2 protein chains.
Amino acid sequence: MLSQRSRYALKALLNIARNGGVRQVAAISTEEQIPRKFLEAIMADLRRAGLVRSTRGAVGGYALGRPADLITFAEVMRITDGPIALLPCVSRNFYQRCEDCPDEHACQLRSLFSEVRDAVTGILDNRTLADALRDDRRRDGAAVGEEVMG
Amino acid sequence: MLSQRSRYALKALLNIARNGGVRQVAAISTEEQIPRKFLEAIMADLRRAGLVRSTRGAVGGYALGRPADLITFAEVMRITDGPIALLPCVSRNFYQRCEDCPDEHACQLRSLFSEVRDAVTGILDNRTLADALRDDRRRDGAAVGEEVMG
DNA sequence: TACAATCTCTACCAATCTGATAGGAAATTA
DNA sequence: TAATTTCCTATCAGATTGGTAGAGATTGTA
């Protein structure tokens with residue numbers, strides 16, 4: 001399961017991307033129903049990873065560190081939750097040997113879970129914040145305004 | 001990440017399937033490098049779920065509760081780790097609402113993580129213990145004996 | 001019957017992770 | 001200077017994880 005941390009991080013980033021420009025923790029907190037102090041800690045992680053830039057003081061806040069179409073879901077999840085793969089020995093970004101495994105290449109779990117990793121990262125490494133916003137607009141459009149467009 | 005519990009459960013079941021018939025915890029424990037007492041607890045779970053049948057006494061042990069080609073990886077993982085989906089609100093077997101989510105159908109995470117769930121369960125619900133053993137034999141064959149067969 | 005082997009059950013435990021909360025320091029704007 | 005906002009450090013309760021201990025129940029065999 002995704003941690004609450006990751007869910008919050010993704011929602012916060014989508015909130016910033018949706019609104020554009022600089023956005024305060026307090027606003028995100030109330031809009032996305034995220035405990036303020038907890039969100040502060042999460043934003044600090046995202047800042048240290050370069051996903052957002054912060055400005056302090058009276059009209060400060062957070063802005064995306066790069067365009068929304070260059071921030072993937074996978075990247076956010078790796079920052080907040082660590083590895084995406086189900087086994088350490090099949091992770092590309094956080095590889096670690098399974099200590100109790102005598103021979104990695106003979107392991108009957110490894111090939112299957114490599115396949116799972118490929119399936120998952122195939123989606124998450126290629127889906128950006130911008131994609132999520134676009135899908136959302138399309139869904140709204142289909143229900144309400146798209147007809148007007150032809 | 002998969003819990004150690006799940007890894008051990010899968011390895012233990014594969015061990016039983018590979019050897020066929022009844023198999024003792026002590027043997028599995030040493031062969032698969034799993035702490036004995038911990039494995040006992042895991043086998044108890046698998047028994048309660050019907051994946052294995054146990055017999056007590058002098059020549060007791062555990063046998064598969066049904067043929068190896070009817071036990072999927074997904075089923076084992078759900079017993080030992082719970083939901084496979086990354087969000088409770090997209091799980092088929094353990095569905096739960098996200099409390100802080102005002103409108104599930106407007107959620108910008110949900111559609112993406114449904115897609116991920118489909119990709120993962122598409123693999124894990126359709127891969128059985130028998131498949132894993134077969135793949136393994138094929139891999140051995142390719143390296144050693146297959147040439148003899150033509 | 002006694003004994004050894006095996007699963008079964010209950011309880012317990014240390015370490016880590018999760019999801020927060022508290023309070024103040026530092027920076028910026030008006 | 002006052003207000004606003006991020007930044008930093010510390011703390012914490014509860015759950016989860018990975019495991020251990022020991023006694024009890026059941027069965028096969030000598």
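Lettering follows sequence order; numbering is per chain, from 1. This one's a predicted model, so the numbers in the text were calculated from it and none came from an experiment.
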Original post:
Are the side chain of Ser29(A) and the backbone of Val25(A) linked by a donor-acceptor contact shorter than 3.5 Å?
Top reply: no

**OP:** Answer yes or no: does a side-chain N or O of Thr55(A) lie under 4.0 Å from OP1 or OP2 of dT5(D)?
**Re:** no

Original post:
First and last nucleotide of DNA chain C touching chain B, 5' to 3', heavy-atom cut-off 4.0 Å?
Top reply: dA5(C) to dC9(C)

**OP:** Establish, with yes or no, whether the OP1 or OP2 oxygen of dT5(D) is under 4.0 angstrom from a side-chain nitrogen or oxygen of Tyr62(A).
**Re:** no

Original post:
With respect to the phosphate group of dT6(D), does any side-chain polar atom (N or O) of Arg48(A) fall under 4.0 Å of OP1 or OP2?
Top reply: no

**OP:** Keeping the roles fixed (side chain from Arg110(A), backbone from Cys89(A)), state whether a donor-acceptor pair exists under 3.5 Å.
**Re:** yes

Original post:
Hey, which of these two, Gly57(A) or Ala41(A), hits DNA chain C nearer its 5' end, going by closest nucleotide?
Top reply: Ala41(A)

Original post:
In this structure, are over 12 heavy atoms from other groups packed under 6.0 Å from Arg66(B) atom CZ?
Top reply: yes

Subject >> Flag for Ser3(B)-Asp81(B): side-chain donor and acceptor within less than 3.5 Å >> reply: yes

**OP:** Report yes or no: do Asp69(A) and Thr128(A) form a side-chain donor-acceptor pair below 3.5 Å?
**Re:** no

**OP:** Quickly work out the Ile42(B) CD1 to dT20(D) C1' distance and round it to whole Å.
**Re:** 13 Å

**OP:** Return no unless some side-chain N or O of Arg47(A) is found under 4.0 Å from OP1 or OP2 of dC7(D).
**Re:** yes

Subject >> Distance, rounded to the nearest Å, where Asp45(B) contributes CG and dG18(D) contributes C1' >> reply: 13 Å

Subject >> Contact nearer the 5' end of DNA chain D, comparing Ala58(B) with Asp81(B) >> reply: Asp81(B)

Original post:
Whole Å only: how far is the CE atom of Met43(A) from the C1' atom of dC8(D)?
Top reply: 16 Å

Original post:
If you measure from CZ on Arg97(A) to CD on Glu99(A), what distance do you get to the nearest 0.5 Å?
Top reply: 8.0 Å

Original post:
Under 3.5 Å, is there a donor-acceptor pair between the side chain of Thr30(B) and the main chain of Ala27(B)?
Top reply: yes

Original post:
Under a 4.0 Å N-O cut-off, is there an ion pair linking Arg23(B) with Glu31(B)?
Top reply: yes

**OP:** Nearest whole angstrom, please: distance from the C1' of dT20(D) to the CG of Leu39(B).
**Re:** 14 Å

Subject >> Members of residues 15-38 of chain A that approach DNA chain C, where some heavy atom sits under 4.0 Å away >> reply: Pro35(A), Lys37(A), Phe38(A)

**OP:** Any chance you could measure Ile79(A), atom CD1, to Ile42(A), atom CD1, to the nearest 0.5 Å?
**Re:** 12.0 Å

